[in-house]
Amino acid sequence: MITRLSFSCVMALGLAAAPCSQAAVLGQTDDFQSGTSTQGWGGSSPNGLTGPTSRVDGGPNGSGDFYLEQSSAGWHLATNNGSQWSGDYLGEGITGVNLDINHLTGTDPVAIRVAITGPGGFWSSTNATPITTGAWNNYTFDLTTSDLVYVSGGTGVLNDTLSNVGKLLIRHDNGSTPTPPGQHPQHITVSVGFDNIQAIPEPSTAMLGIASIMGLAASRRRKKS
């Protein structure tokens with residue numbers, strides 16, 4: 001599927017062989033179908049709970065659809081990835097993160113923000129997004145100046161962080177303003193599922209890439225006829 005490849009890789013198809021990076025690549029998707037692997041996602045879970053766990057059934061596609069579960073027992077709920085989700089978002093054209101989320105158990109309300117860290121400091125979603133209980137839904141978190149707010153550290157310039165992201169963070173944080181690094185957002189007791197975490201471009205960029213591919217294919221058909 002085109003949505004699971006970087007556009008730099010997609011545009012290379014049919015033109016020349018090109019290596020496709022595994023870190024911070026436009027279109028990359030963590031679907032956790034590789035089994036027990038959390039695909040680099042971690043997070044602290046004290047009070048006897050383990051960190052994020054790969055579950056074999058119950059994702060958005062039902063039976064056999066793996067997903068990542070993160071639980072919290074009277075603690076803050078967060079998961080982060082500093083391996084394949086680090087890198088140059090600006091150069092790759094990554095302007096957002098799309099994923100499926102399910103508030104699985106617990107009566108505490110869940111509201112999610114995403115955050116990134118880098119030389120420009122810690123930047124977080126300005127607003128928290130409430131998560132539906134007991135059902136998978138799709139959510140998009142934009143990583144643009146209109147959707148992120150500077151919290152602390154670094155130069156205070158968003159592009160400085162976007163060009164060298166050290167970590168992507170997904171967390172419950174339903175305060176009126178984002179919680180600074182080193183401080184805990186609200187403590188809750190819940191389990192939350194995450195699946196199909198994907199690096200996405202602006203819609204106009206995506207359509208331009210698809211149109212370019214379609215135009216190239218049409219040109220080749222004309223040459224053959």
Side-chain angles (χ1 to χ4, degrees), residues 23-26 28 30 38-47 51-52 68 70-101 103 106 108-131 137-190 192-194 197-202:
V25 175
L26 183 62
Q28 71 181 38
D30 290 350
T38 63
Q39 296 188 235
W41 289 93
S44 62
S45 294
N47 301 333
L68 187 76
Q70 176 68 56
S71 299
S72 173
W75 199 247
H76 64 107
L77 183 134
T79 184
N80 64 80
N81 195 313
S83 54
Q84 78 269 21
W85 285 90
S86 62
D88 184 2
Y89 285 30
L90 206 60
E92 276 291 325
I94 299 171
T95 63
V97 178
N98 180 267
L99 70 159
D100 297 314
I101 309 176
H103 179 176
D108 291 328
V110 175
I112 295 294
R113 281 182 164 102
V114 300
I116 51 176
T117 63
F122 185 96
W123 291 76
S124 171
S125 301
T126 303
N127 301 310
T129 300
I131 304 303
N137 284 281
N138 188 259
Y139 301 87
T140 295
F141 296 88
D142 292 325
L143 304 175
T144 63
T145 54
S146 59
D147 298 281
L148 296 181
V149 62
Y150 171 69
V151 180
S152 65
T155 64
V157 177
L158 177 57
N159 281 353
D160 289 348
T161 288
L162 286 173
S163 62
N164 190 7
V165 173
K167 182 184 297 183
L168 174 66
L169 174 69
I170 304 172
R171 65 176 177 172
H172 165 76
D173 186 7
N174 67 354
S176 58
T177 59
T179 304
Q183 299 181 24
H184 286 189
Q186 305 75 22
H187 289 184
I188 54 177
T189 299
V190 298
V192 177
F194 302 101
I197 306 171
Q198 185 180 62
I200 61 172
E202 291 187 69

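For this chain, numbers begin at 1 and follow the sequence in order.
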Visitor: Just wondering, do V190 and S71 contact through their side chains at under 4.5 Å, heavy atoms?
Guide: no
Visitor: For I112 versus V110, what's the shortest heavy-atom pair and its separation?
Guide: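 For I112 versus V110, the nearest heavy atoms are CD1-CG1, 4.0 Å.
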Visitor: Under 4.5 Å between any side-chain heavy atoms of T161 and F122, yes or no?
Guide: no
Visitor: State whether the side chain of T79 and the backbone N or O of G43 hold a donor-acceptor pair below 3.5 Å, judged by distance alone.
Guide: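 A pair under 3.5 Å: no.
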Visitor: Measuring only between side-chain heavy atoms, which start at C-beta, is L68 closer than 4.5 Å to T38?
Guide: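 Yes, at least one pair of side-chain atoms sits under 4.5 Å.
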Visitor: Does either side chain, that of N98 or that of N138, offer a donor lying less than 3.5 Å from an acceptor on the other one?
Guide: yes
Visitor: Would you mind reporting whether W75 and I188 have side-chain heavy atoms less than 4.5 Å apart?
Guide: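 No - every pair of side-chain heavy atoms lies 4.5 Å or more apart.
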Visitor: Minimum heavy-atom separation for W85 and L168, please, with both atom names.
Guide: CE3-CD2, 3.5 Å
Visitor: Is the closest side-chain donor-acceptor distance between N80 and W41 under 3.5 Å?
Guide: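 No - no donor-acceptor pair under 3.5 Å links their side chains.
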Visitor: Check the pair E92, V25 against side chain to side chain contact (heavy atoms under 4.5 Å, CB included), reporting the backbone distance first and the verdict last.
Guide: CA-CA 6 Å; E92 276 291 325; V25 175; 4.2 Å; yes
Visitor: Answer yes or no: is there a donor N or O on one side and an acceptor on the other, between the side chain of R113 and the main chain of S124, under 3.5 Å?
Guide: no
Visitor: Verify side chain to side chain contact (heavy atoms under 4.5 Å, CB included) between I197 and V97, making sure each step is shown before the conclusion.
Guide: CA-CA 7 Å; I197 306 171; V97 178; 3.9 Å; yes
Visitor: In Å and rounded to the nearest 0.5 Å, what is the CG to CD distance from N81 to Q39?
Guide: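 Reported to 0.5 Å precision, the distance equals 9.0 Å.
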Visitor: Would you mind reporting whether I131 and Y139 have side-chain heavy atoms less than 4.5 Å apart?
Guide: yes
Visitor: Nearest 0.5 Å, what's the OG1-NE2 distance between T129 and H172?
Guide: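 One finds 12.5 Å between OG1 of T129 and NE2 of H172.
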Visitor: Kindly indicate, with the supporting measurements, whether the criterion side chain to side chain contact (heavy atoms under 4.5 Å, CB included) is fulfilled by L99 and I170.
Guide: CA-CA 11 Å; L99 70 159; I170 304 172; 4.0 Å; yes
Visitor: Nearest 0.5 Å, what's the CG-CZ distance between D30 and F194?
Guide: 12.5 Å
Visitor: Could you tell me if the side chain of S125 sits less than 4.5 Å from the side chain of D147, heavy atoms only?
Guide: no
Visitor: Could you give the distance from CG (L77) to CD (Q70), rounded to the nearest 0.5 Å?
Guide: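 Going from CG on L77 over to CD on Q70, the span is 5.0 Å.
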Visitor: Which atoms form the tightest heavy-atom contact between Y150 and G120, and what is the distance?
Guide: CE1-O, 3.7 Å
Visitor: Classify the angle between the aromatic ring planes of H184 and H187 as parallel (below 30°), tilted (30 to 60°) or perpendicular (above 60°).
Guide: tilted
Visitor: Taking W123 as the fixed residue, which of T145, L148, D160, L143 is the one that meets the side chain to side chain contact (heavy atoms under 4.5 Å, CB included) rule?
Guide: L148
Visitor: Looking at OG of S86 and CG of N164, how far apart are the two atoms once the value is rounded to the nearest 0.5 Å?
Guide: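 It comes to 8.0 Å.
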Visitor: Just so I know, are the side chains of Q186 and N174 near enough to count as touching, which here means a heavy-atom distance under 4.5 Å?
Guide: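 Of all side-chain heavy-atom pairs linking N174 with Q186, at least one is under 4.5 Å.
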Visitor: In sequence, state the C-alpha distance, the side-chain angles, and the governing distance for I116 and L169, and then conclude on side chain to side chain contact (heavy atoms under 4.5 Å, CB included).
Guide: CA-CA 6 Å; I116 51 176; L169 174 69; over 6 Å; no
Visitor: Under 3.5 Å, is there a donor on one side chain and an acceptor on the other for D88 and S163?
Guide: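 The answer is no; no qualifying pair exists.
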Visitor: Measure the CD1-CD distance between I200 and Q28 for me, rounded to the nearest 0.5 Å.
Guide: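 Between atom CD1 of I200 and atom CD of Q28 there are 12.5 Å.
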Visitor: Do N137 and D100 come within less than 4.5 Å of each other through their side chains, counting heavy atoms only?
Guide: no
